[in-house]
Amino acid sequence: MENNDLRTTGLWPFSLFKGGAFGGEPQATGNVVGIFDPVALAWNAGGKLIEAGWVGLELMDRDFLWKIADANQEDVGALALEWTRSHQSAIAEAFEQRLASYAIDESAKEASRQALFSYRADHFISTVRTLMPEVEKHGRIISHANGAASPNMKQAVQAIQDYLGQMELSHFDPIESLTVHKIVEEDLFAKCFNQSDARNLEEGLNRHAELHGLGSYGDLRGATKMLCVQDFLLHSVSAASGTSNPDK
């Protein structure tokens, strides 16, 4: 399908978006549904951002997303970097506003606040390394909500992966859901035993690589992705378990 066709309609797996949440009621039945262009645009631009190692954000307006959709793939990374630099303060402000609405424990909120403070100050390594240990905690909260008394690390990671497989992405902005879900599902928990593995994951965001010093995502791109992942997981934890916290 050409970009011009995507400006008016698009295709999105119905199993991901029940009820036509992104543009009216579905126009067809079956496994694939015709949806109004915001989702088609997210599919097109999001795929290019993913390939360039970037993430989509709700703040990205339609004009910018069409710019990404129409760009040559080799230019997408530079476009995303320029946009993110010019919107860095707005990105932090948007995540801070979302944070206030989540039903999560205070320690998780404080970790996010400190990470956002570092992000605003261009301390990107601090942003990533403040939030990366929180990932396992989110999994333990979900496990705890599902009845596990004292989940270990493997169970915590599995709980996140299982929950992602069941969650309805229509609760999220389409460009964020597409790109962040890919990071969490495919990159964050991928096996990484050495620096060679880490190099193969440098376009993603890998927990093991960062925590064990095999690689680092401590730049603007990596820190922005880390903030997106943290927000995505906080939303999930808030929806799954309210203020339940197995660490207390």
Side-chain angles (χ1 to χ4, degrees), residues 17 21-23 38-39 41-42 45-46 49-50 54-65 68 79-135 137-139 141-142 145 160 163-164 167-184 188 205 217-245:
F17 296 97
F22 290 128
V39 176
L41 179 55
L49 288 167
I50 288 170
W54 281 87
V55 69
L57 292 160
E58 185 178 9
L59 286 175
M60 291 174 172
D61 62 30
R62 185 173 297 191
D63 288 344
F64 177 72
L65 292 179
I68 292 293
L79 291 171
L81 176 61
E82 180 184 10
W83 184 93
T84 305
R85 278 178 176 161
S86 64
H87 291 80
Q88 190 172 331
S89 294
I91 291 169
E93 179 65 26
F95 283 130
E96 195 162 48
Q97 289 179 6
R98 292 185 193 179
L99 182 64
S101 70
Y102 295 146
I104 55 174
D105 65 277
E106 186 57 32
S107 66
K109 286 192 174 185
E110 183 59 26
S112 290
R113 292 187 195 107
Q114 292 189 23
L116 288 166
F117 180 86
S118 296
Y119 185 79
R120 288 184 171 103
D122 293 345
H123 297 161
F124 301 126
I125 291 177
S126 295
T127 300
V128 175
R129 293 186 180 173
T130 296
L131 294 180
M132 196 64 84
E134 294 289 297
V135 170
K137 177 182 178 180
H138 299 327
I141 293 173
I142 294 173
I160 292 175
Y163 187 74
L164 288 176
M167 71 189 304
E168 205 173 303
L169 292 183
S170 59
H171 296 300
F172 297 87
D173 175 79
I175 190 67
E176 283 195 27
S177 66
L178 174 66
T179 56
V180 179
H181 193 277
K182 188 269 181 187
I183 292 172
V184 177
L188 193 61
L205 186 74
Y217 304 94
D219 55 11
L220 178 60
R221 181 176 69 165
T224 303
K225 289 193 286 189
M226 188 73 248
L227 289 176
C228 288
V229 167
Q230 172 75 347
D231 179 76
F232 188 79
L233 292 177
L234 286 179
H235 185 286
S236 302
V237 166
S238 180
S241 59
T243 57
S244 175
N245 184 359

Contact summary for [X] and [Y], nearest pair of heavy atoms:
X: Val55; Y: Cys228; result: CG1-SG, 3.8 Å
X: Val128; Y: Ala223; result: CG2-CA, 3.8 Å
X: Ala45; Y: Ile68; result: O-CG2, 3.7 Å
X: Ala111; Y: Glu134; result: CB-CD, 3.8 Å

Within this structure, what is the [atom1]-[atom2] distance for the pair [X] and [Y], rounded to the nearest 0.5 Å?
X: Asp105; Y: Lys137; atom1: CG; atom2: NZ; answer: 3.5 Å
X: Asp122; Y: Asp219; atom1: CG; atom2: CG; answer: 11.5 Å
X: Asp231; Y: Met226; atom1: CG; atom2: CE; answer: 11.0 Å
X: Leu116; Y: Ser118; atom1: CG; atom2: OG; answer: 9.0 Å
X: Asp173; Y: Glu58; atom1: CG; atom2: CD; answer: 4.5 Å
X: Lys225; Y: Leu131; atom1: NZ; atom2: CG; answer: 14.5 Å

Is a side-chain N or O of [X] found less than 3.5 angstrom from the main chain of [Y], in a donor-acceptor match?
X: Gln88; Y: Tyr119; value: yes
X: Ser238; Y: Leu234; value: no
X: Thr130; Y: Thr127; value: no

Sidechain N-carboxylate O distance under 4.0 Å for Glu106, Lys109:
no
Please report the C-alpha distance between Thr224 and Leu57 in whole Å, then the side-chain angles of each, then the deciding distance to 0.1 Å, and finally whether the side chain to side chain contact (heavy atoms under 4.5 Å, CB included) criterion is met.
CA-CA 10 Å; Thr224 303; Leu57 292 160; 4.1 Å; yes
Take a 6.0 Å sphere around CZ of Phe117 and say whether it holds more than 12 heavy atoms from other residues, nucleotides or ligands.
no
Show, in sequence, the C-alpha distance, side-chain angles and deciding distance for Phe64 and Leu59, and conclude whether the side chain to side chain contact (heavy atoms under 4.5 Å, CB included) test is met.
CA-CA 10 Å; Phe64 177 72; Leu59 286 175; over 6 Å; no
Below 4.5 Å, heavy atoms only, C-beta onward: do [X] and [Y] meet side chain to side chain?
X: Glu82; Y: Arg85; value: no
X: Arg129; Y: Met132; value: no
X: Trp83; Y: Asp61; value: no
X: Leu49; Y: Ile175; value: yes
X: Lys182; Y: Thr179; value: no
X: Phe124; Y: Arg221; value: no
X: Phe232; Y: Ile183; value: no

